[in-house]
Amino acid sequence: MKYGVADTTFSRVDMGAIAIKVIKSEDPDAEIIRYTVPGIKDLPVAARRLIDSGCDGVITLGWVGKTMLDKYSYLAASIGLIMVQVLTSKHVIDVTVHEDEADNEEKLKEIAIDRASKHARNLVLLVKEGKNALTPYAGKGLRQGYKDAGSID
Ligand SMILES: Cc1nc2c(=O)[nH]c(=O)nc-2n(C[C@H](O)[C@H](O)[C@H](O)CO)c1C
């Protein structure tokens with residue numbers, strides 16, 4: 001399978017490299033194309049171009065600053081990424097770390113690594129096995145970036 005990895009220079013953690021490592025370990029035959037852009041608002045076109053060049057699915061790795069302008073930029077980027085999914089009928093897994101999720105750099109890095117790794121695994125499952133690949137985990141309260149919340153019995 002062919003996977004696209006789109007990341008940004010704005011990000012403070014190299015989540016693209018983390019995603020690539022996980023994709024390779026989950027799917028040793030994977031072909032991976034990386035596309036690095038300046039910021040999150042540039043991710044939708046990168047994702048679209050990766051799909052147009054034959055990728056079966058894409059993971060995007062973005063970082064959102066603390067200001068309202070950053071948050072509005074994420075909203076715009078997120079809508080763009082959803083549009084790419086709907087228009088191409090391919091998964092674009094939107095991995096985003098928000099700078100105000102933690103008040104120290106160590107914790108932010110931990111969140112970024114965990115989120116990028118877990119979603120890279122999700123992408124491989126969806127791309128390789130399709131719509132029921134994640135069904136065994138449905139309702140389990142899985143979280144990316146944090147400990148799982150768990151299901152409510
Ligand atoms: C305000 C702003 N905030 C962010 C951000 O939080 N994260 C990010 O990755 N990029 C940001 N950018 C840059 C835009 O996404 C984009 O790279 C530029 O507008 C150039 O197209 C902008 C302009």
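Indexing begins at 1, ligand by ligand and atom by atom, following the structure's order.
Checking H98, K41, M68 against atom 14 (C) of ligand 1, the nearest heavy atom belongs to K41. Around atom 20 (C) of ligand 1, the closest heavy atom drawn from V37, D42, T8, L61 belongs to D42.
A donor-acceptor pair under 3.5 Å is formed between the side chain of T9 and the backbone N or O of P38. Using a distance-only test at 3.5 Å, with no hydrogens or angles considered, no donor-acceptor pair links the side chain of S78 to the main chain of L75.
I51 CD1 to D56 CG: the interatomic distance, rounded to the nearest 0.5 Å, is 9.5 Å.
E129 meets the side chain to side chain contact (heavy atoms under 4.5 Å, CB included) test with L125, A133; sequence neighbours excluded.
Nearest protein neighbour of atom 13 (C) of ligand 1, counting heavy atoms only, is G39 CA, 4.3 Å.
For the residue pair D94/Y74, the side-chain donor-acceptor check at 3.5 Å is satisfied. Between the side chains of Y3 and D27, at least one donor N or O sits under 3.5 Å from an acceptor N or O.
No heavy atom of G62 sits closer than 4.0 Å to any atom of ligand 1.
Residue-ligand proximity, L69 to ligand 1, at heavy-atom distances under 4.0 Å covers atoms 1 (C). Counting atoms of ligand 1 from 1 in the listed order, those under 4.0 Å from a heavy atom of V64 are 6 (O).
Considering backbone and side-chain N/O of I40, one or more are found under 3.5 Å from N/O of ligand 1.
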